[in-house]
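One-based numbering, in listed order, for ligands and for the atoms of each. These values consider heavy atoms only, across backbone and side chains, with no hydrogens, waters or symmetry-generated copies.
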Amino acid sequence: MVGKVRDLPGTKEIQGSSPLVLSHVYKNFGDKPAVKDLSLEVRPGEFYTLLGSNGAGKTTTLRMIAGLLAPDAGDISLYGRSLKADPQEARRPLAYLPDDPLLYGKLRPGEYLEFVAGLWGISAMTAAPEAERLLRWLDLWDVRTQLTEGFSRGMKQKLALAGALIHQPRLLLLDEPLTGLDAAAARMVKDALRDFAVSGGAVVLVTHIMEVAEGLAHRIGILHQGQLVAEGSLDELRRVSGLGESAHLEDVFLHLVGAQ
Ligand SMILES: Nc1ncnc2c1ncn2[C@@H]1O[C@H](COP(=O)(O)OP(=O)(O)OP(=O)(O)O)[C@@H](O)[C@H]1O
């Protein structure tokens with residue numbers, strides 16, 4: 001399992017607050033809108049999946065939540081802390097795993113995790129047990145002495161996940177985390193993400209894989225041309241789409257974005 005959500009500084013303050021709230025968020029690139037009036041809330045222990053066609057605004061949304069892009073308007077808060085008002089503290093409980101994670105080829109897995117932990121102000125000695133646990137859990141322990149430049153895509157993806165988890169976050173943002181993973185590794189990651197949410201963390205997952213959303217998400221948000229066109233559990237989305245109670249998510253999704 002990924003691990004329990006440990007007590008971070010300020011734990012008492014953030015207990016009871018929503019892990020994530022977006023309020024009327026907008027983002028344009030030039031005069032082209034990428035995200036329009038997006039409001040959503042992710043609850044403690046919730047597994048929330050964002051679905052959308054190519055270019056719908058999913059990655060832009062995650063990048064704004066991660067503090068890598070500033071919204072043009074609106075506000076984002078993490079556990080009650082506004083990203084705008086207090087970016088450093090607001091981001092502390094967060095981990096973001098992008099779809100093209102940057103690894104340093106000349107580092108070995110342990111060195112990479114030590115480096116990432118350092119970015120969070122965690123000493124190598126403090127990080128070491130967690131790094132070992134993550135590398136063992138992700139089946140990377142046996143290759144810990146090898147340079148990451150020789151890793152397969154799936155191995156790199158797993159190491160990037162370990163890097164995202166090294167500071168023991170409470171809110172995970174993941175952009176297509178299963179890309180490049182074989183069936184066993186994908187199962188391991190899916191189980192771990194489910195455990196993470198069950199243990200009190202919260203997960204926001206962007207994926208195009210409908211079975212993943214269907215199998216894991218408590219709620220699904222459907223983004224279309226930068227706007228949230230529907231949101232709810234699979235049953236709620238089925239009802240909204242009017243496709244019947246046994247409809248597959250793929251059909252529901254295509255119906256709601258007007259592609260069917
Ligand atoms: N840095 C950027 N500069 C200009 N336009 C951008 C930039 N990043 C994203 N866009 C545009 O914003 C829109 C939303 O892109 P985004 O990457 O958020 O979509 P997405 O839903 O993640 O798509 P995909 O499923 O293809 O990854 C697209 O029209 C894209 O071309």
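Although no hydrogens or angles enter the test, the distance criterion places a donor-acceptor pair under 3.5 Å between the side chain of Lys27 and the main chain of Ala70.
Looking only at heavy atoms of the protein, atom 14 (C) of ligand 1 is closest to Gly55 O, 3.4 Å. Atom 25 (O) of ligand 1 has Lys58 NZ, 2.7 Å as its closest protein atom, hydrogens excluded (heavy atom only). For atom 9 (C) of ligand 1, the closest non-hydrogen atom on the protein side is Phe29 CE1, 3.4 Å. Annotation: atom 31 (O) of ligand 1 to nearest protein heavy atom, Lys32 NZ, 3.9 Å. Of the protein's non-hydrogen atoms, the one nearest atom 26 (O) of ligand 1 is Asn54 ND2, 3.0 Å.
Within the 4.5 Å cutoff, side-chain heavy atoms of Leu22 are placed close to those of Ile65. Between Tyr96 and Leu68 there is a side-chain heavy-atom pair separated by less than 4.5 Å. For the pair Lys58/His208, a side-chain contact is recorded, criterion being any heavy-atom separation below 4.5 Å from C-beta on.
Taking the six-membered ring where tryptophan is involved, the planes of Tyr112 and Tyr104 are tilted, since the angle between them lies from 30° to 60°.
Close contacts of ligand 1 with Ala56, meaning ligand atoms under 4.0 Å from a residue heavy atom, involve 19 (O), 20 (P), 21 (O). Annotation for ligand 1: atoms under 4.0 Å from non-hydrogen atoms of Ala34 are 12 (O), 13 (C). In summary, the atoms of ligand 1 found under 4.0 Å from a heavy atom of His208, numbered by their order in the structure, are 25 (O).
Met125 and Val116 fall into different hydrophobic clusters, where Ile, Leu, Val, Met, Phe, Trp and Tyr side chains are chained together by heavy-atom contacts under 4.5 Å. Hydrophobic clustering keeps Val198 apart from Leu20 (ILVMFWY residues linked when any side-chain heavy atoms are closer than 4.5 Å, directly or through intermediates).
Nearest to atom 15 (O) of ligand 1 by heavy-atom distance, out of Asp99, Thr59, Val206, Thr60, is Thr60.
Polar contact with ligand 1: absent for Gly52 (N/O pair, distance under 3.5 Å).
To the nearest 0.5 angstrom, Asp251 atom CG is 13.0 Å from Leu237 atom CG.
Ligand 1 is never approached by Gly226 to a heavy-atom distance shorter than 4.0 Å.
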